[in-house]
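Remember, it's 1-based here, ligands and their atoms both numbered in the order they're listed. Nothing fancy with the numbering, it's 1 onward along the sequence.
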Amino acid sequence: MPFECGIIGLPNAGKSTLFSALTSQQVEVGSYPFTTIEPNKGIVPVPDKRLEQAALVAGCKKITPANLTFVDIAGLVEGASRGEGLGNQFLAHIREMDILLHLVRCFEKPEVARVGKDEDPVSQAEIVELELAMADLASLEKRREKIERRLKAGDPKIKEEYHLLQKVMDFLSQGILLKDAPLSEKEKKSIAGWQLLTSKPVLYVLNIDEAYLPEQEAREEIKSFKTWSRKKNAPCLLLSASLEAELARLEDEEKAVFLEEYGLKEPALHSLIRTGKSLLKLLSFFTVKGEEARAWAVPQGTTAREAAGKVHSDMAKNFIVAEVIFWEDLVNAGSLASAREKGLLRQEGRDYLVQDGEVICFRFH
Ligand SMILES: Nc1nc2c(ncn2[C@@H]2O[C@H](COP(=O)(O)OP(=O)(O)O)[C@@H](O)[C@H]2O)c(=O)[nH]1
Ligand SMILES: [Mg+2]
């Protein structure tokens with residue numbers, strides 16, 4: 001299953017506009033356009049030039065990029081944590097996501113109603129984050145009741161969990177999201193299973209008016225939003241969703257002209273995917289087998305055996321050895337056979353930590 005990135009934000013922030021732009025955008029990787037699994041879910045291939053080059057020298061005709069799934073989550077309204085609007089249903093969707101793209105409105109359009117009393121982006125983002133924090137507090141409250149019953153029954157093992165729970169609830173009550181809270185690695189691991197909304201990594205995206213693009217550095221509300229997100233140590237990207245949607249409809253040549261006109265280097269999708277990948281702490285390894293070159297996105301710290309299991313569970317079970325070469329060394333060698341002859345393929349055991357950009361041939365029984 002590809003990693004899932006949920007697009008959240010207030011109603012009319014431009015979430016659906018961005019979603020359709022992202023999922024209909026042809027990325028220049030092979031001929032694999034996005035696939036829609038559900039109306040609000042779109043699988044987007046991760047553009048990767050390294051895979052294309054490795055495929056070329058390995059003689060693979062088919063290129064299968066790694067994927068990222070984007071999910072357009074129905075709008076959040078104030079009070080969602082108390083069940084307002086789509087309330088609980090909406091929160092359940094967010095719970096399944098690996099990462100959140102928090103889209104914040106920063107465009108003028110008098111005919112499109114603003115939700116939230118305050119106009120400025122920071123206040124809008126804070127409304128959403130407060131709802132997420134309240135939802136977490138509500139679910140932690142339920143957990144606390146259960147734990148208190150076990151404490152009364154004299155279960156000593158539960159004490160540590162109870163302290164952590166109190167600590168985490170204190171942070172939330174102070175308006176600190178758990179992703180920003182000073183917790184130890186051990187504590188983070190313990191709460192990972194609690195399915196909390198505010199512990200998910202967040203990428204802030206400011207949906208700016210296309211008229212602001214040339215003067216974006218000068219605008220106060222943009223500057224203060226950037227400062228706010230920097231304080232939280234979170235990445236923040238700027239884009240115009242409606243411009244991206246227009247861009248997505250164009251042919252390649254027209255696209256280049258359009259990008260230049262607005263002084264943009266590339267479609268926002270590319271930087272979104274890059275930022276998403278680094279936020280998720282993912283790396284890509286490649287397999288070139290027969291006709292197919294394929295990229296696999298896995299968490300940093302994945303072992304050779306785990307990587308094999310990603311390709312096929314039997315390969316992990318019957319793992320013998322991984323033959324590893326950095327993609328660029330393969331490209332320089334000209335072919336897999338020549339790389340092997342020159343002894344450029346390293347033999348690595350099951351516990352070897354896979355590195356980003358490696359081409360791997362797995363040997364198994
Ligand atoms: N000017 C401008 N309008 C936008 C932009 N993004 C969305 N809109 C408009 O805002 C309205 C709400 O957008 P939508 O994507 O449905 O918002 P959602 O409720 O967050 O899904 C629509 O009328 C869009 O055309 C933008 O970047 N610039
Ligand atoms: Mg929508």
Handout entry: Flag for Glu161-Ser190: side-chain donor and acceptor within less than 3.5 Å
Key = no
Handout entry: Exercise: do Thr302 and Lys310 side chains pair donor with acceptor under 3.5 Å
Key = no
Provide the number and element of each atom of ligand 1 under 4.0 Å from a heavy atom of [X].
X      : answer
Lys15  : 15 (O), 17 (O), 18 (P), 19 (O), 20 (O), 21 (O)
Asn12  : 12 (C), 17 (O), 18 (P), 19 (O), 20 (O)
Ser240 : 27 (O)
Pro11  : 19 (O)

Exercise for the section: Ignoring angles and geometry beyond distance, decide whether Asp72 reaches within less than 3.5 Å of ligand 1 through its nitrogen or oxygen atoms. Expected result: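 Min N/O separation from ligand 1 is not below 3.5 Å for Asp72.
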Check this for me: [X], atom [atom1], are more than 12 non-hydrogen atoms of other residues, nucleotides or ligands nearer than 6.0 Å?
X      : atom1 : value
Glu145 : CD    : yes
Glu160 : CD    : no
Gln174 : CD    : yes

Practice task
Could you see which bit of Thr17 sits under 4.0 Å from ligand 1, with heavy atoms only: side chain, backbone, both or neither?
Solution key: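 For Thr17, backbone and side-chain atoms both sit under 4.0 Å from ligand 1.
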Practice task
Please work out whether any backbone atom (N, CA, C, O) or any side-chain heavy atom from C-beta onward of Ser242 is under 4.0 Å from ligand 1, and answer side chain, backbone, both or neither.
Solution key: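 Near ligand 1, Ser242 shows its backbone as well as its side chain.
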Practice task
Identify the heavy atoms of Lys167 and Glu187 that sit nearest to each other, and give their distance.
Solution key: NZ-OE2, 2.8 Å
Problem - Short N/O/S contact of Thr17 with the Mg ion (ligand 2) (below 2.8 Å) - result: no
Exercise for the section: For Thr198 and Leu178, indicate whether the former's side chain and the latter's backbone hold a donor-acceptor pair under 3.5 Å. Expected result: yes
Exercise for the section: Answer yes or no for Ala13: is there a heavy-atom contact with ligand 1 below 4.0 Å? Expected result: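 True for this residue.
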